[in-house]
Asks: 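Following this message is one structure expressed as C-alpha cells.
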Amino acid sequence: MSEDAGKREQEPREPQDEDLASAFMRESEVVEEAVEDGKKVRRRGIYLLPNLFTTSALFSGFFAVVAALNGDFTAASVAIFIAMVLDGLDGRVARLTNTQSEFGAEYDSLADMISFGMAPGLVAFTWILQDIGKTGWVVAFLYVACAALRLARFNVQIGSVDKKWFIGLPSPSAAALVAASVWTFHSFDATALGFKLLMLLVVGAAGILMVSNIRYYSFKDVDLKGPVPFVALLAIVLGFVVISIEPSVMLLLLFGTYVASGPTMALMRKLKT
C-alpha cells in the first residue's frame, strides 16, 4: 500500500449531509433555559397543549379582522370574545399541567396584541370610525398603541405588583368593551352621528384606561377549588340565562360596569383621603 493511500485512510471522513427536513428541524428548534429541581438546564422544544390554546386565540383575533373586512361585524365581535375565553384558558392549563415556559409567555403576549389590540381597533374602525375621517383612524391607532404599551408594561411588572390588582385596564376587558359596543350598536343599526361620537369616546377611553395607573380588581385571589355556597352556583346559572336573553347588551353592561369600576373606586379612595 502506498504512503498516499495510507494517509487517505487515516483522514477523518466527513459526515453525511443531512436531509432538508432534518436540517430545518435542527436549526429552527427552540432552546431556552429553565430551572428544574433547583438547577438551571437547557430545554429543547415547546409545550404543545397551552400553545394550542394560544394559537386558537390568535386565530380568533385574526378571524375577527377578516370578518370585519367582509362586513360581518357580529361574527367579528363574537370572535373577540372567543379569543378572550381561550386566552384565559392557556395560562391556567399551563399552570395545571406544569408546562409554563418563557416561549409560551412571549407567544401569549404577541397573540394578545393581535386579538385584543389590533383586532378591536380595526373592527371599530371598519364599522363606524372610518366615517369620521382622520379623527376616526387616529383614535383607532391610539387604542392599538395603548394596547401594545399596556402589554409591554404588564410583562415587565410581573412579580413586582400585587396580583390582586391590575395596573390599568386589562387589554382583554378593553377589547370586550369595544367588541360589545360594536355588536350592540350594529345589531340595532345605530349609525347616527351620536353613536359615531359615542364609539369614538368608547375606543379612546378604553385605550387611555389601559395605560393609566388606575387599579382594577384581578379576581386572581378567588379560590375556585374550595367549596362555595349553593347560592353562588345558582347566581352563575342565572347569569348565563340573563346573558343568553340578549348577549350583546348584557355583555356590554357587564364589561361596561367593570371598566367603570376602576375610575369609580379611584375616585372613592381620593374622596376618602
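Computed from heavy atoms alone, side chains included, the values below leave out hydrogens, waters and symmetry copies. All values derive from a computational prediction rather than experimental measurement.
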Asks: If you measure from CZ on Arg150 to CE on Met113, what distance do you get to the nearest 0.5 Å?
Replies: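 It is 13.0 Å, given to the nearest 0.5 Å.
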Asks: Restricting to non-hydrogen atoms, name the atom on Gly121 and the atom on Ala140 that form the minimum distance, rounded to 0.1 Å.
Replies: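 What the structure gives for the nearest pair is O-CB, 3.9 Å.
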Asks: Below 6.0 angstrom between ring centroids: does that apply to Phe73 and Trp183?
Replies: no
Asks: Side chains of Leu177 and Ser173, heavy atoms from C-beta outward: is any pair under 4.5 Å?
Replies: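 The answer is no, as the side chains (C-beta and beyond) never meet within the 4.5 Å cut-off.
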Asks: Rounded to the nearest 0.5 Å, how far apart are CD1 of Ile114 and CZ of Phe59?
Replies: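 If we round to the nearest 0.5 Å, Ile114:CD1 and Phe59:CZ are 14.0 Å apart.
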Asks: Which label fits Phe166 and Phe154: parallel for a plane angle under 30°, tilted from 30 to 60°, or perpendicular past 60°?
Replies: tilted
Asks: Does Val66 offer a backbone N or O that forms a donor-acceptor pair with the side chain of Asn70 under 3.5 Å?
Replies: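 Yes, the answer is positive, given that a donor and an acceptor are paired below the 3.5 Å cut-off.
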Asks: Is there a path of hydrophobic side-chain contacts, each under 4.5 Å between heavy atoms of I/L/V/M/F/W/Y residues, joining Leu253 to Ile243?
Replies: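 Per the 4.5 Å side-chain linkage, Ile243 and Leu253 are co-clustered.
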Asks: Could you give me the CA-CA distance, side-chain angles and deciding distance for Asn51 and Phe103, then say whether side chain to side chain contact (heavy atoms under 4.5 Å, CB included) is met?
Replies: CA-CA 9 Å; Asn51 289 311; Phe103 174 87; 4.1 Å; yes
Asks: Using 0.5 Å steps for rounding, measure from the CD atom of Glu246 to the OG atom of Ser187.
Replies: 7.0 Å
Asks: Check the pair Trp165, Tyr217 against ring pair (Phe, Tyr, Trp, His ring centres under 6.0 Å), reporting the backbone distance first and the verdict last.
Replies: CA-CA 5 Å; Trp165 302 96; Tyr217 186 52; 5.8 Å; yes
Asks: Answer whether the closest heavy-atom distance between the side chains of Leu129 and Val203 falls below 4.5 Å.
Replies: yes
Asks: State plainly whether one hydrophobic cluster holds both Tyr143 and Val211, where clusters connect Ile, Leu, Val, Met, Phe, Trp and Tyr through side-chain heavy atoms under 4.5 angstrom apart.
Replies: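 No, Tyr143 and Val211 fall in different hydrophobic clusters.
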Asks: Please evaluate residues Ser171 and Asp112 with respect to the criterion side-chain hydrogen bond (donor to acceptor under 3.5 Å, both in side chains), reporting the C-alpha separation (whole Å), side-chain torsions for both, the decisive distance (0.1 Å), and the verdict.
Replies: CA-CA 8 Å; Ser171 57; Asp112 288 352; 5.2 Å; no
Asks: Applying side chain to side chain contact (heavy atoms under 4.5 Å, CB included) to Phe116 and Met210, what does each step give before you reach the verdict?
Replies: CA-CA 11 Å; Phe116 309 130; Met210 279 192 287; over 6 Å; no
Asks: Would Phe141 and Leu122 show up in the same hydrophobic cluster when neighbours are defined by side-chain heavy atoms closer than 4.5 Å?
Replies: no
Asks: Please report the shortest heavy-atom distance between Gly207 and Cys146, naming the atom on each side.
Replies: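 Looks like O-CB, 3.1 Å.
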Asks: If every non-hydrogen atom of Ser181 is compared with every non-hydrogen atom of Leu252, which pair is closest and at what distance?
Replies: OG-CD1, 3.4 Å
Asks: Could you go step by step and tell me if Val123 and Val178 meet the side chain to side chain contact (heavy atoms under 4.5 Å, CB included) rule?
Replies: CA-CA 9 Å; Val123 170; Val178 174; over 6 Å; no
Asks: Under a 4.5 Å cut-off applied to non-hydrogen side-chain atoms, are Arg215 and Ile167 in contact?
Replies: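 With C-beta onward as the side chain, the pair touches.
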Asks: Within the side chain of Tyr216, is there an N or O that forms a donor-acceptor pair under 3.5 Å with the backbone of Val259?
Replies: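 Such a contact is found between Tyr216 side chain and Val259 backbone.
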Asks: Using modelled atom types and a 3.5 Å cut-off, is there a donor and acceptor pairing between side-chain atoms of Ser109 and backbone atoms of Glu106?
Replies: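 Not at all, since once roles are kept as given, no pair shorter than 3.5 Å links the two residues.
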Asks: Specify the closest pair of heavy atoms between Leu169 and Ala206, including all atoms of both residues, with the distance to one decimal.
Replies: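 Heavy-atom minimum between the residues: CD2-O, 4.1 Å.
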Asks: Locate the shortest heavy-atom distance separating Gly117 from Pro120; write the atom from each residue and the value.
Replies: O-CD, 3.6 Å
Asks: Roughly how far, to the nearest 0.5 Å, is the CG atom of Leu200 from the CG atom of Leu193?
Replies: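 It is 10.0 Å, given to the nearest 0.5 Å.
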Asks: Identify the two heavy atoms, one from Ala68 and one from Thr126, that lie closest to each other, and give their separation to 0.1 Å.
Replies: O-CG2, 3.4 Å
Asks: When clusters are formed by joining ILVMFWY residues with side-chain heavy atoms under 4.5 Å apart, either directly or through shared neighbours, do Phe125 and Ile208 land in the same one?
Replies: no
Asks: Are the side chains of Val78 and Ile82 in touch, meaning some heavy atoms are under 4.5 Å apart?
Replies: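 Val78 vs Ile82: side chains touch.
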Asks: Side chain to side chain contact (heavy atoms under 4.5 Å, CB included), that's the test. Do Tyr107 and Thr55 meet it? Break it down for me.
Replies: CA-CA 9 Å; Tyr107 185 34; Thr55 303; 2.8 Å; yes
Asks: Does any N or O in the side chain of Ser248 come within less than 3.5 Å of the main-chain N or O of Ala180, such that one atom is a donor and the other an acceptor?
Replies: no
Asks: Any chain of hydrophobic side-chain contacts (each under 4.5 Å) joining Phe195 to Val202?
Replies: yes
Asks: Find the distance between CZ (Arg95) and CG (Asp90) and round it off to the nearest 0.5 Å.
Replies: 8.5 Å
Asks: Would you say the side chain of Phe185 lies within less than 4.5 Å of the side chain of Leu198, judging by non-hydrogen atoms?
Replies: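 Yes. Closest side-chain heavy atoms under 4.5 Å.
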Asks: Any chance you could measure Asp108, atom CG, to Leu86, atom CG, to the nearest 0.5 Å?
Replies: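 Reported value, rounded in 0.5 Å steps: 11.0 Å.
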